[in-house]
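On a predicted model such as this, the values are computed, not experimentally measured, just so you know. Chain identifiers are assigned alphabetically (A, B, ...) following the order of the sequence lines, protein sequences preceding nucleic acid strands; residue numbering begins at 1 within each chain.
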There are 2 protein chains.
Amino acid sequence: MHTQVIDTLKKNQLSITDSRKTILQLFMESDGALAHMDIENNTGEEFDRVTIYRTLQTFVDKGIIHTIPSADNAIRYALCKDACSEGHHHDNHIHFMCDHCSTTYCLDHVEVPALQLPGGFMASRTDMVVSGCCNRCSK
Amino acid sequence: MHTQVIDTLKKNQLSITDSRKTILQLFMESDGALAHMDIENNTGEEFDRVTIYRTLQTFVDKGIIHTIPSADNAIRYALCKDACSEGHHHDNHIHFMCDHCSTTYCLDHVEVPALQLPGGFMASRTDMVVSGCCNRCSK
DNA sequence: TACCACATTGCAACATAGTTGCAAAAAATA
DNA sequence: TATTTTTTGCAACTATGTTGCAATGTGGTA
């Protein structure tokens, strides 16, 4: 199972370090999105705050993870699926944030509908942030 | 022209203070969204940072403005149109953030398309954040 | 207009989030 | 293993946002 982590790092020409392995593993095990805080809580004192920030930034630059816009001023990150690779991104994402458990899901299989924008506006990227009640909480 | 500002404040049962008048006026004159920083820059030393934060929070509570989710960790605010009032919000917003000039528009007249969510997910609110090139920058 | 009750402001202090420079340590390469 | 390059940890700093409390301003009433 570590294989996939190391493969991903190699595929992106990143050197294999403890922090990168551990943080990427966290993303792969999680079905939701993670904020910086979640990672800090999960890894304890193992890594410096700055290292976590820099690792996340590196992953974003490489297209391994992407940021999720939110109104609560905490940047969340989620794994990009295979369709996303460096330089060539799958630029439309739908995210679902549960009002009850606060889990954030990246709904890759839901298609982003086309929009009719006013004249002169050209979209390069569309993020949808849907909030409500997730499948686990609605049971 | 001040009339509209004062009317809005009265309609929401807010006392008329300098900070509220000035900040609401700013929103009415601006066609884009404003972040806390924009307001601080526009008003200079006139008001304390804390007052601006509290005024924005008050306006959000009353449904006069709404927050716009973003991935850059800066909360932006935009005026709610008449359809939004306290308690009864117009909960689907489309926002456009220009990659060039960073102006954020609230596109009230564009309809949010319906989404087919996976089973068990129930949406209560949908925000779309579209980025690209705005009508002024694309000329 | 003057007074009073209440809401709002400004200040200080604190809390959280994120960035930068640099020396030490760890990977990659030879 | 030696050398080069990348990454990490530390310290210090900036930005963003919150809370308690005393002072001031607002709205209603006499």
A/Thr126 (side chain) donor-acceptor with B/Val130 (main chain) under 3.5 angstrom = no
message = Would you say that A/Met28 contacts A/Leu79 through its side chain, given a criterion of any heavy-atom pair below 4.5 Å between the two side chains?
response = yes
inquiry  = Treating B/Ser138 as the side-chain partner and A/Gly120 as the backbone partner, does any N or O pair qualify as donor plus acceptor under 3.5 Å?
reply    = yes
message = Does the protein touch nucleotides 20-30 of chain C at the base, only the backbone, or not at all? Give it as B, S and - per nucleotide, heavy atoms under 4.0 Å.
response = BB-----SS--
request  = Round to the nearest Å and state the distance from B/Ile52 atom CD1 to D/dA15 atom C1'.
outcome  = 14 Å
inquiry  = Rounding to an integer number of Å, can you tell me how far A/Tyr77 OH sits from C/dG18 P?
reply    = 6 Å
task = Could you pull out the closest heavy-atom pair between A/Ser15 and A/Arg20, with the gap in Å?
result = O-NH1, 3.2 Å
query = So does B/Arg49 reach the base of D/dG17 with its side chain, donor to acceptor, closer than 3.5 Å?
reply = yes
task = Specify the separation, in whole Å, of atom CD1 of A/Ile75 and atom P of D/dA15.
result = 16 Å
message = Please report the distance, rounded to the nearest Å, between CD in A/Glu46 and P in D/dC10.
response = 13 Å
message = Classify the ring geometry of A/Phe27 against A/Tyr77: parallel below 30°, tilted from 30° to 60°, perpendicular beyond 60°.
response = perpendicular
query = Touch check for A/Glu45, heavy atoms < 4.0 angstrom, all strands: base, sugar-phosphate only, or nothing?
reply = nothing
query = Do A/Tyr53 and A/Leu9 sit in the same hydrophobic cluster, where Ile, Leu, Val, Met, Phe, Trp and Tyr count as joined when their side-chain heavy atoms come under 4.5 Å apart?
reply = no
inquiry  = Using modelled atom types and a 3.5 Å cut-off, is there a donor and acceptor pairing between side-chain atoms of B/Ser30 and backbone atoms of B/Leu26?
reply    = no
query = With sugar-phosphate meaning primed atoms plus P, OP1 and OP2, does A/Gln57 contact a base, only sugar-phosphate, or nothing at under 4.0 Å between heavy atoms?
reply = nothing
request  = Return the minimal non-hydrogen interatomic distance between B/Thr104 and B/His95, and the atom names on each side.
outcome  = CG2-CB, 4.5 Å
query = So what does B/Thr58 hit on the nucleic acid, given a heavy-atom distance under 4.0 Å: a base, only sugar-phosphate, or nothing?
reply = nothing
ask   = Are B/Ser19 and C/dT8 close enough that a side-chain N or O sits under 4.0 Å from OP1 or OP2?
value = no
task = Check the distance between D/dG28's C1' and B/Lys10's NZ and give it to me in whole angstrom.
result = 13 Å
query = Expressed in angstrom and rounded to an integer, what is the separation of A/Asp61 atom CG from D/dT7 atom C1'?
reply = 15 Å
ask   = Nearest to the side chain of B/His36 - C/dG18, D/dG9, D/dG17?
value = D/dG17
query = What does A/Arg20 touch in the nucleic acid at a heavy-atom separation under 4.0 angstrom: a base, only the sugar-phosphate, or nothing?
reply = sugar-phosphate
task = Output yes when at least one side-chain N/O atom of B/Thr51 is less than 4.0 Å from OP1 or OP2 of C/dT8, else no.
result = no
ask   = Heavy-atom distance under 4.5 Å between the side chains of A/Asp99 and B/Ser124, does that happen here?
value = yes
B/Asp48 CG - C/dC14 C1' separation (whole Å) = 15 Å
ask   = For B/Leu56 and D/dT18, what is the distance between atoms CG and C1' respectively, to the nearest whole Å?
value = 14 Å
request  = Give a yes or no on whether the backbone of B/Asp38 and the side-chain of B/Asn41 come within a donor-acceptor separation of less than 3.5 Å.
outcome  = no
request  = Take the C1' atoms of the five end pairs on each side of the helix from C/dT1-D/dA30 to C/dA30-D/dT1, derive the two axes, and give their angle rounded to 10 degrees.
outcome  = 30°
